[in-house]
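Step one of this worksheet: look at the structure below.
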Amino acid sequence: MSKTSLDLQTTVHVEASNLKAYYLTEQQGVMKEVKAVEDVSFDIEGSKFLAIVGESGCGKTTLAKVLYGFVNSNLSIIGGRICYSFGDAQYEVSPTANTLKDAWWKKISYVPQGSLSALNPVRKLKDIFLDLANSHGVPFQEEKVKNHLKMVKLPPYILRMYPFELSGGMRQRVVIALATLLHPSVIIADEPTSALDVVTQRDILRLLKSIQVDAKSTFIFITHDISLVPDLADFMAIMYGGCIVEYGPTEAIFSRPLHPYTKFLLSTVPTIGDKTEKQPIPGSPVNLIDPPPGCRFHPRCPYGEKICAEQRPGLVENKANSWECRVACWLYR
Amino acid sequence: MDDSLLTLNRVTKIFQIGTFLSKVKIYAVRDVTLTIEKKPMVFTLVGESGSGKTTLANVLLRVVAPTEGSVSFLGRKIESYKKSEFIRLVQPVFQNPYETFNPLKKVELYFRSVINKLSIVNHNGHAAEKIIDQALSSVALTWEEVRGKYLHEFSGGQLQRLSIARALMVNPTLLVADEPVSMLDASLRVFVLNLFRKLKEEKQLYVVYITHDLATAYYISDRIAVMLRGSVVEMGPAEKVLLNPLHPYTALLKESVPNPYKKQGESRFEEREEQILEIEEYAGEGCKFALRCPHAKEICRREIPADVFLDDVLVKCWLYK
Ligand SMILES: Nc1ncnc2c1ncn2[C@@H]1O[C@H](COP(=O)(O)OP(=O)(O)OP(=O)(O)O)[C@@H](O)[C@H]1O
Ligand SMILES: Nc1ncnc2c1ncn2[C@@H]1O[C@H](COP(=O)(O)OP(=O)(O)OP(=O)(O)O)[C@@H](O)[C@H]1O
Ligand code: SF4
Ligand SMILES: [Mg+2]
Ligand SMILES: [Mg+2]
């Protein structure tokens, strides 16, 4: 609502390098580490849409929390760092520093998984918007909020309603309206559509894409459903067992997946018109408390070689590909 | 009539709800008639959120009583079955796995009690654990992962699979599975759908599969019924309905399925400037799709379309006569 970094047309730069974040958890009286984010690096410059895709439990939500500097005594950053540069200001999250909190809502916002069910049930929507504005020292102007609601295609009278009176899709729009109210230039959205039906999901995805394009912001979108990514994201990162195993332009990954896990992931998506029996990925997901040595995918990989079980492959550029892709797999060395 | 597994005859369920406007009546299920023939199959109910799928499932499961109409299973009214008899024949997988298990009870107790009730073996024995382990392995879980744990120690996807395993242990004739794979990633999703296929073929299991996702519906269904705000608006062989949808609403559902291999292109359905409240559609007098349908005519808003059969596909839409 105030003049923002967006209007200044600053270039956003997000740089994650070797991020490592573990949970501490108790198992039968013994404290153990859950190695949920392991050595994650990526780099985004300017207004981009990045999707992070992976199976349930692979560490996506944990990565989202780390990227937002949303860590506590239970989840800690063990190594690496994430830096944000908004032209005029720099912020970072690392094992020793967390300055990102100062940028929350105004420069970077976060839509946590399941947040459409987390709206305060006893407050009217108007008050929810009011609270957000007040807590950031921004004057609450109802007309502006109504205009903002129009952008997410909500009628103004919903301000008089309670969250439970709205459908899931409308609540998700409210959440998006809140996240974008103060015009942040980076938005992290964790599974924003997985609780919605396909029709509503498609509308919400279109909305997110149009916000990203119109506001020239940077989106980090997290999902377990790889079929949502085309038409939405410019870049994608495939996550497996806490690690990024493939990274590149969406088109490149879809037309020529490199990592064996990515290939499996793409082959399990059912489509209308195809009744041939699909094969699930053999074996079971990584236990992040006791991950396998070497490549974390090797126990399930049909191409595994000796080295795969011994040494973890780093994410390196793939020269054979005309696209700028990176893959973490010994087959491409 | 008698050679059917399940028959719904003009089933209606009305809810009264209070809203910011006033008290309104919602026909969560409206005048639904359908038959599942006696030939093992996956019968799918699809529809958007709030289209009455769960309410219809709850009627089949005797969880809610219909306001009007009746349901027969194997030639008898469902109310006439004794509870113990009914649960051996018909098993549910509820939509919300977090509500399926009591947070204060160890999840394994649910499995032990099934064994106990069906007096398969002495439920304390080692044999019981073996049976549980078998049931769990059919959904890619192990006894190790489950033993001693409570609800909050499982992920949503694990709870969904636990609830499927528990239902299948009874060896039911009919499984009513409400969004059973919504929290699973693509690989596990295929795993569970393949299990349904296999049980249908090998154990003559019937499945009522409830989903909003036409891609998985296509993968496993034999027959399909499309629900819109309480009514079945299209019904027939899954292959036909999904490859060549007749009702504009079915076409919208189909178009909304994310397909990674097809460019989205232009939609025939324009996005509205403002969202429509679900109750506005329920309150409409004619076709419940009229507010969104690109083909809507005057009559669509006024009168509920009649049932039209085109070959073996039923469709309720004024475009067809
Ligand atoms: N608060 C916590 N304490 C200990 N372990 C946790 C905690 N939260 C998550 N985990 C574990 O960390 C791992 C990664 O969890 P995370 O929530 O990041 O997965 P995800 O990829 O987001 O999965 P989903 O698709 O199901 O949301 C899992 O093994 C999970 O059990
Ligand atoms: N116990 C209830 N009391 C009042 N209204 C109800 C009740 N249960 C369902 N409804 C209403 O009936 C309609 C149909 O709901 P139902 O849960 O059957 O839909 P659904 O197709 O299963 O949706 P979803 O995909 O979201 O699960 C909705 O408008 C809902 O709000
Ligand atoms: S009856 Fe009318 S409004 Fe309903 S789907 Fe058919 S054409 Fe559209
Ligand atoms: Mg998550
Ligand atoms: Mg439901």
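Naming: A, B, ... by sequence-line order, numbering from 1 per chain.
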Exercise. Is the CD atom of B:Glu144 crowded by more than 12 outside heavy atoms at less than 6.0 Å?
Worked result: no

For this session: Take atom OH of A:Tyr303 as the centre, draw a 6.0 Å sphere, and report whether it contains more than 12 heavy atoms from other residues, nucleotides or ligands.
Result: no

For this session: Please round to the nearest 0.5 Å and tell me the distance separating atom NE2 of A:His224 and atom CG of B:Leu188.
Result: 10.5 Å

Problem set entry | Interchain contact, B:Ser51 with chain A, by part (heavy-atom threshold 4.5 Å) | neither

Exercise. Does any heavy atom of chain B fall under 4.5 Å from the side chain of A:Ile158, the backbone, both, or neither of them?
Worked result: neither

Exercise. Which pair of heavy atoms, one from B:Thr216 and one from A:Pro270, lies closest together, and at what distance?
Worked result: CG2-CG, 4.0 Å

Exercise. With only heavy atoms counted, which part of A:Ser56 is less than 4.5 Å from chain B, the side chain, the backbone, both or neither?
Worked result: both

Problem set entry | Test item: B:Leu214 and A:Val198 side chains (from C-beta on) under 4.5 Å apart, heavy atoms | no

Exercise. Do A:Lys275's NZ or CZ and the ring of B:Tyr218 fall within the cation-pi criteria of under 6.0 Å and 45°?
Worked result: yes

Exercise. Does atom NZ of B:Lys240 have more than 12 heavy-atom neighbours, drawn from other residues, nucleotides or ligands, at distances under 6.0 Å?
Worked result: yes

Exercise. Are any side-chain N or O atoms of B:Asp185 and backbone N or O atoms of A:Asp225, one a donor and one an acceptor, separated by less than 3.5 Å?
Worked result: no

For this session: Step by step, work out the side-chain contact (heavy atoms from CB on, under 4.5 Å) result for A:Thr268 and B:Arg189.
Result: CA-CA 9 Å; A:Thr268 50; B:Arg189 200 172 271 191; over 6 Å; no

For this session: Quick one: pull up CG in A:Asp274 and OH in B:Tyr219 and give me the separation to the nearest 0.5 Å.
Result: 8.5 Å

Exercise. If you count heavy-atom pairs under 4.5 Å with chain B, which of A:Ser194, A:Ser227, A:Ser267, A:Ser255 comes out on top?
Worked result: A:Ser227

Exercise. Got more than 12 heavy atoms from elsewhere within 6.0 Å of NZ, B:Lys203?
Worked result: no

Exercise. So which of B:Gln158, B:Lys254, B:Met183, B:Arg197 has the biggest tally of heavy-atom pairs under 4.5 Å with chain A?
Worked result: B:Arg197

For this session: Enter the distance from A:Leu196:CG to B:Ser182:OG here, rounded to the nearest 0.5 Å.
Result: 11.5 Å

Exercise. Atom CG of B:Asn194 and atom NZ of A:Lys278: how far apart are they, to the nearest 0.5 Å?
Worked result: 10.5 Å

For this session: Count the heavy atoms of every other residue, nucleotide or ligand shown that sit under 6.0 Å from CD of A:Glu251, and state whether that count exceeds 12.
Result: no

For this session: Check whether any side-chain heavy atom of B:Pro258 sits under 4.5 Å from a side-chain heavy atom of A:Gln201, and report yes or no.
Result: yes

For this session: Please flag which part of A:Thr276 lies under 4.5 Å from any non-hydrogen atom of chain B: side chain, backbone, both or neither.
Result: backbone

Exercise. Can any side-chain N or O of A:Asp197 pair as donor or acceptor with the backbone N or O of B:Ser49 at less than 3.5 Å?
Worked result: yes

